[in-house]
S.K.: 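Have a look at the structure that comes next, please.
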Amino acid sequence: MKTAKITIDNNTFVLENRWMRRELLLNDNGIITTSFTYEGQELLKHIHHEFQVSIDRQLVSGYSEKVLRTVDGNMEENSCDIAFIKAESSVPDEHYQQLDLHFSYGENIIVLRYEIAEKLPSMRKRVLITAGSREILLESLIFDDTPITPGNFSDCDVYCGMDKTPAPNSFTRCGDTDFLRIYNPAQQLGYFLGNTAPGLLRYFLVYPDWYNICVGYNSAGAPFAKYLAPGETFISAESVTCFYRGAADSGVDLWRETIRTRLPQLAAAADIMYCSWIPQYKNISEKIICDLAKTACDAGFTFFVIDDGWFMSSSDWQIEPEKFPNGLKPVADYIHLLGMKFGLWFNIGTDYGMKSEREKFAARQADGTLKKLGWNYQAAVTAQCFGSGHCERMRDKLDELAEKYDVDYFKMDFSTICSPYGIMPFGCHAHDHAHHKGFADSFNAMYDGFFRMRRELKAKHPELMLDFSFETFGLETPSIAALECSELNHLTNLSGLNPENQQIVKIRRDFYANAASLPPERLMHGLPVLSGDTAVEYFLTSLCGAPLVSGNLQTLSSRSRERLPLLSKAYREFAAKHFPGGFEVILDAASADGFRRYSSDGAEMRCIFNRSDTELVVDAPGFFNAETGCSGITVPPHDCAMFIKQN
């Protein structure tokens, strides 16, 4: 049932649903929020700017009035920067109702866009800016500056992401957090505040002395800047609010649902993906791939991804003839013949695999030298700038591969903006690239290049799945922005291949942290290696999110070969029938751990790992063992198992 409503009454604008109500007032000083309530409780603590942006180095705010400067006690004279044009309401999709407030700033148009959810206690806000008859420069953009708290500022704890320890009273976060939780423990009321800006461009400021809770773009080491050509429109990222009652870390399911309203459509949440990378690495061939594909199919997996090693170095991505004498087409056809979907790894961020024009679109350092990815600059590959024609080059190459091999999924790798390993400078200092003029505007241009490439590929290949991995974004943690531009998001390469430096239980804890707040069906946490007798544990570990596994499947133990198809079948049937959008850690002890994936209809899947010398029995009625069909939750010593509960 729809609950949202927008009211436009002269100079007053109201957005409301069954939980929230936000009232905005237009007066001679600009536009302000005058009331923001949740379940009837007023949360607004101070009248503020709504937004602010630098246009050609002039600060423009949504609201300006005389203020007393605390430094010298003088009144500061301000005039209204913007002039109101019109208000429009619309219904952009099934999830939201939308209010657009149009203003002019000289010849330029500024639109404040507010969206209130139909079925969730959530709201979104962004800014759109259109240049007039001349080019303008945008910087220092804060797209939401509305200080709301349950109770006073001092009553609330503020958490960065799902941190368990509150942040300091005043802080900024630049690029390393995509949402905050603002929570009043006495009232057990809080809200999530998200920022959908990508990667390094995210910015939060919490500063009670100024009544600031700002959401916007980074202005520091990786700054936001955008040159707008005459008539061009810039659409900012969004702030996202979602309210909840309960414990400080509750409300996660509401938050996940809020995030899902903007994510690309996911064809199925029941797929299981196999990747050829470990332990084969580049030592692959037509026979090896086809043999692995058959084994993966027998294990019940639905995607087969050929990772690196299929093309020759410095060849403009020509197929390696000794490995694939018949090309990739027969291999792709065989994978499809098995009933599996075909995935392909591709480097989009460096000159690896490139032969011609290796420096034409290369990212540059401040002194004009090439930007390298690696410690050894003599041997390192050169980063390519996605704010240059490299974006179009990659779009055309991926389009060609998709057409030629009927590719269902691309895993796109290698950093270009920054490196998750900290071995590459930020940004690009080139002055002759098509989509940016220098360092300051290179970050937005490169992120925008990813998104533009995705849009254009999806327009031609609607069913194609695209994954900008952690190496592409240059970050190792999931984020709202990464999910909004990828059907799936590969987060790390943690595999557990060498237990002496990667213990699977610790890898699982990493996965648990990743899935704590974002939609688990979108997160490919790592690359667990299935081998020997540990294959089942590693496979169940992958089910923390969208399962992605590797390993030489032909060397599995006979017991693992028996169990994997049963577990794969049980997971696929459960996920196809019950969307497993919820995630929770249910056990985390020295001797055992486990998690549950659950659906809104009450169905649930549990994976439990027993490291003790005794049998583990959990009192949880309604569950049955996914392999044996036996009722109850019982896990033998030093073993693991999956359990299903239907609604």
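Because only heavy atoms are used, hydrogens play no part in the values below, and waters and symmetry mates are left out as well, while side chains stay in.
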S.K.: Taking the basic N atoms (NZ, or NE/NH1/NH2) and the acidic carboxylate oxygens, is any pair closer than 4.0 Å for Glu400 and Lys397?
M.R.: yes

S.K.: May I ask you to test the Cys385-His436 pair for a side-chain heavy-atom distance under 4.5 Å?
M.R.: yes

S.K.: Any side-chain heavy atom of Phe539 within less than 4.5 Å of one from Arg563?
M.R.: no

S.K.: Would you say the side chains of Asp467 and Ser469 form a donor-acceptor pair under 3.5 Å?
M.R.: no

S.K.: Name the residue from Val617, Asn625, Val618, Asn610 that meets the side-chain contact (heavy atoms from CB on, under 4.5 Å) definition with Val635.
M.R.: Asn610

S.K.: Between the side chains of Asp601 and His578, does any donor sit under 3.5 Å from an acceptor?
M.R.: yes

S.K.: Between Glu257 and His95, is any side-chain donor less than 3.5 angstrom from a side-chain acceptor?
M.R.: no

S.K.: Just verifying a value: how many Å separate Phe311 CZ and Ser313 OG, rounded to the nearest 0.5 Å?
M.R.: 8.0 Å

S.K.: For atom CD of Gln378, decide whether the heavy atoms of other residues, nucleotides or ligands shown that lie under 6.0 angstrom number more than 12.
M.R.: no

S.K.: Does any part of the side chain of Asp593, heavy atoms only, come nearer than 4.5 Å to the side chain of Val585, both counted from C-beta?
M.R.: no

S.K.: What's the separation between atom CE in Met465 and atom NZ in Lys341, rounded to the nearest 0.5 Å?
M.R.: 7.0 Å

S.K.: Is there side-chain contact between Lys282 and Glu320, with heavy atoms separated by less than 4.5 Å?
M.R.: no

S.K.: Do Lys294 and Asp298 sit within salt-bridge range, that is, some charged N less than 4.0 Å from a carboxylate O?
M.R.: yes

S.K.: Report yes or no: does Asp408 contribute a side-chain atom to a donor-acceptor pair with the main-chain N or O of Phe342 at less than 3.5 Å?
M.R.: yes

S.K.: Before giving the answer on side-chain contact (heavy atoms from CB on, under 4.5 Å), spell out for Phe301 and Met340 the whole-Å C-alpha distance, their side-chain angles and the decisive distance to 0.1 Å.
M.R.: CA-CA 8 Å; Phe301 303 162; Met340 302 182 77; 4.2 Å; yes

S.K.: Please name the pair of heavy atoms, one in Met162 and one in Val252, separated by the smallest distance, quoted to 0.1 Å.
M.R.: CE-CG2, 3.8 Å

S.K.: Where the side chain of Thr472 meets the backbone of Met412, is there a donor-acceptor pair that is under 3.5 Å apart?
M.R.: yes

S.K.: So does Phe609 get a backbone contact from the side chain of Arg508, meaning a donor-acceptor N/O pair under 3.5 Å?
M.R.: no

S.K.: Between Glu487 and Arg454, does any NZ, NE, NH1 or NH2 come within less than 4.0 Å of an OD or OE carboxylate oxygen?
M.R.: yes

S.K.: With salt bridge (Lys or Arg N to Asp or Glu O under 4.0 Å) as the test, would you mind laying out the steps for Glu573 and Lys569 before giving the verdict?
M.R.: CA-CA 6 Å; Glu573 290 179 350; Lys569 183 174 184 289; 2.6 Å; yes

S.K.: Within a radius of less than 6.0 Å around CD of Glu615, do more than 12 heavy atoms belonging to other residues, nucleotides or ligands occur?
M.R.: yes

S.K.: Indicate yes or no for a side-chain donor-acceptor contact from Thr416 to the backbone of Gln384 under 3.5 Å, with no hydrogens or angles considered.
M.R.: yes

S.K.: Please report the shortest heavy-atom distance between Arg561 and Leu556, naming the atom on each side.
M.R.: NE-O, 3.6 Å

S.K.: Compute whether any side-chain donor of one residue and acceptor of the other, for Lys372 and Thr382, lie under 3.5 angstrom apart.
M.R.: yes

S.K.: Name the one of Phe304, Phe303, Tyr409 that satisfies ring pair (Phe, Tyr, Trp, His ring centres under 6.0 Å) with Tyr274?
M.R.: Phe304

S.K.: Using every non-hydrogen atom in the two residues, find where Asp413 and Trp345 come nearest and quote the distance to one decimal.
M.R.: OD2-NE1, 2.9 Å

S.K.: Looking at side-chain heavy atoms only, is the closest gap between Asp176 and Thr477 below 4.5 Å?
M.R.: no

S.K.: Who pairs with Phe361 by ring-ring contact (aromatic ring centres under 6.0 Å, His included), at least two apart in sequence or on another chain?
M.R.: none

S.K.: Check Arg611 with Glu537, please: is the shortest side-chain N to carboxylate O separation under 4.0 Å?
M.R.: no

S.K.: Closer than 4.0 angstrom, basic N to acidic O: yes or no for Asp253 and Arg256?
M.R.: yes

S.K.: Pick out which of Trp277, Phe468, Phe470 makes a ring pair (Phe, Tyr, Trp, His ring centres under 6.0 Å) with His490.
M.R.: Phe470

S.K.: Could Arg358 and Asp351 be called an ion pair, given the rule that one side-chain N must be under 4.0 Å from one carboxylate O?
M.R.: yes

S.K.: Can we say Lys360 and Glu357 salt-bridge, meaning some charged N sits less than 4.0 Å from an Asp/Glu carboxylate O?
M.R.: yes

S.K.: May I ask you to decide whether Arg262 forms a salt bridge with Glu484, counting only side-chain N to carboxylate O separations under 4.0 Å?
M.R.: no

S.K.: Heavy atoms only: give me the nearest Leu370-Gln365 pair and the separation to one decimal.
M.R.: O-NE2, 3.3 Å

S.K.: Quick one, Met394 and Phe346 - any side-chain contact, counting heavy atoms below 4.5 Å?
M.R.: yes

S.K.: Hey, could you give me the CZ/CG distance between Phe511 and Leu543, rounded to the nearest 0.5 Å?
M.R.: 11.0 Å

S.K.: Between Arg559 and Glu562, is the salt bridge (Lys or Arg N to Asp or Glu O under 4.0 Å) condition met? List the steps.
M.R.: CA-CA 5 Å; Arg559 181 66 178 134; Glu562 293 173 3; 3.4 Å; yes

